[in-house]
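Step one of this worksheet: look at the structure below.
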Amino acid sequence: MAIKSAILLAFAISLILVLVISIDAGDIAIYWGQNTDEGTLAETCATGNYDFVNLAFLPTFGNGQTPMINLAGHCDPYSNGCTNLSSDIKSCQAQGIKVILSLGGGAGSYFLASSNDARQVAAYLWNNFLGGQSASRPFGDAILDGIDFDIEGGTNQHWDDLAKYLSGYSQRSKKVYLTAAPQCPFPDAWVGGALKTGLFDYVWVQFYNNPQCQYTDGDITNLEQAWKQWTTDVPATKIFLGLPASPEAAGSGFIPVSDLTSQVLPAIKGSAKYGGVMLWSKYYDDQTGYSSAIKNDV
């Protein structure tokens, strides 16, 4: 009987450890789409390293413009050539990976002129990329999991309206995930207002190209203070540490793997809102193997 009790106790402890480890485990999000040398979307998902893939970008939309995706040389949207991605998207989703369309980016022609403009953009996104219907869906019949707000220009107006309208579509069929990629200075100059809505599921904060709130050569003070503010003041489900996957991927803010795993992650993983790490981008991750090197620690 004592042996049986001991075995049951050992099993219970191991089960608890598994649960604790799985709860503590973070995810990795990656941006894909801006370099033809980064492999296909299907290959990206097949690495097994990523839990979210953000398709970069939809850089033209709003103010009455015809929305247009730009996936660099991966496909030509003008000749309807991106519909071939449909099977890749479904392959990723079959592996439990969420595939999200990223709006904006560092270069683009986008802004929302009014709340009604935001409503029209939301309807376009729903019908062309999410659960709606359109004769001209750029990715064919694949239904993306959500929309990412990587707003780095234009104006800071009506992004909250866009989030509300997109969120309203969630009730129709499957959930529409909303994510964002603000800069680490708080509050973000572009989507700071939208984030206050509490409608965002995942926020991958860009802790790079911003020396006042990023890691610098062994000093995590600025990053840690900014992290505490983001995880305390933003009503999102999870906050991610956004990083460049190589020194060449950003002007500043790259964190060597050993520093990330020994100093930075231990300092931030205690937060209940810790979600994991976001990397820019798949191309740079290929050069360094960054995600492979960190995934067991994330």
Side-chain angles (χ1 to χ4, degrees), residues 29 31 34 54-70 100-126 129 146-170 176-214 222-223 225-242 250-253 273 275 278 280:
Y31 279 84
Q34 286 300 297
N54 296 320
L55 306 181
F57 289 104
L58 180 80
T60 304
F61 65 90
N63 196 34
Q65 299 177 93
T66 300
M68 186 59 66
I69 53 174
N70 178 332
I100 293 168
L101 178 65
S102 186
L103 308 183
S109 169
Y110 56 85
F111 71 95
L112 298 172
S114 64
S115 177
N116 188 52
D117 190 21
R119 184 179 59 79
Q120 291 178 356
V121 169
Y124 175 87
L125 294 171
W126 169 255
F129 296 101
I147 302 294
D148 178 53
F149 289 47
D150 184 15
I151 308 305
E152 303 182 37
T155 80
N156 62 2
Q157 300 296 302
H158 306 296
W159 301 113
D160 55 343
D161 293 323
L162 182 59
K164 289 169 188 171
Y165 287 125
L166 285 170
S167 180
Y169 285 110
S170 266
V176 175
Y177 286 89
L178 296 183
T179 69
Q183 310 285 314
C184 59
F186 188 89
D188 180 72
W190 305 108
V191 294
L195 291 173
K196 290 180 183 176
T197 62
L199 296 173
F200 286 81
D201 299 285
Y202 308 109
V203 177
W204 8 84
V205 184
Q206 297 184 42
F207 284 91
Y208 51 94
N209 294 333
N210 290 288
Q212 69 268 42
C213 48
Q214 70 190 31
N222 290 350
L223 184 151
Q225 287 177 347
W227 174 264
K228 284 178 180 172
Q229 184 156 34
W230 279 98
T231 52
T232 303
D233 295 346
V234 175
T237 307
K238 294 291 181 184
I239 307 290
F240 282 60
L241 178 73
S252 63
K273 283 194 177 177
M278 173 274 278
W280 174 268

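Numbering of residues begins at 1 and proceeds along the displayed sequence.
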Is there a donor-acceptor pair closer than 3.5 Å between any side-chain N or O of [X] and the backbone N or O of [Y]?
| X | Y | value |
| --- | --- | --- |
| Gln206 | Ala181 | yes |
| Trp230 | Phe186 | no |
| Asn210 | Tyr208 | yes |
| Thr231 | Lys228 | yes |
| Asp201 | Leu178 | yes |
| Asp188 | Trp190 | yes |
| Ser167 | Ala163 | no |
| Asn63 | Ala113 | no |
| Asn156 | Val191 | no |
| Gln65 | Gly62 | yes |

- Task: Report the relative orientation of the aromatic rings in Tyr110 and Phe61; use parallel for angles under 30°, tilted for 30 to 60°, perpendicular for over 60°.
- Result: parallel

- Task: Assign the ring pair Tyr31 / Phe57 to parallel, tilted or perpendicular, where the plane angle (0 to 90°) is split at 30° and 60°.
- Result: tilted

- Query: Does Lys273 NZ have over 12 foreign heavy atoms under 6.0 Å away?
  - Reply: yes

Minimum heavy-atom distance between [X] and [Y], given as atom pair plus value:
| X | Y | result |
| --- | --- | --- |
| Phe207 | Cys184 | CD2-CB, 3.6 Å |
| Ala118 | His158 | CB-O, 3.8 Å |
| Ala56 | Trp280 | CB-CZ3, 4.5 Å |
| Pro211 | Asn209 | CD-C, 3.8 Å |
| Ser170 | Val176 | OG-N, 2.8 Å |
| Ala123 | Tyr169 | CA-OH, 3.3 Å |

For residues [X] and [Y], determine if any side-chain heavy atom of one lies less than 4.5 Å from a side-chain heavy atom of the other.
| X | Y | value |
| --- | --- | --- |
| Val205 | Val234 | no |
| Leu112 | Asp161 | no |
| Pro182 | Leu195 | yes |
| Ile147 | Leu162 | no |
| Tyr165 | Ser115 | yes |
| Ile100 | Tyr202 | no |
| Thr197 | Lys164 | yes |

Distance in Å, [X] [atom1] paired with [Y] [atom2], rounded so as to fall on 0.5 Å steps:
| X | Y | atom1 | atom2 | result |
| --- | --- | --- | --- | --- |
| Trp227 | Thr232 | CH2 | OG1 | 10.5 Å |
| Thr237 | Leu199 | OG1 | CG | 10.0 Å |
| Gln214 | Gln183 | CD | CD | 10.5 Å |
| Asp148 | Leu103 | CG | CG | 7.0 Å |
| Leu58 | Asp150 | CG | CG | 11.5 Å |
| Gln34 | Leu55 | CD | CG | 11.0 Å |

- Message: Using the rule given for side chain to side chain contact (heavy atoms under 4.5 Å, CB included), can you reason through Asn54 versus Trp204, listing the C-alpha separation, both sets of side-chain angles and the distance that settles it, and then say yes or no?
- Response: CA-CA 11 Å; Asn54 296 320; Trp204 8 84; 3.5 Å; yes

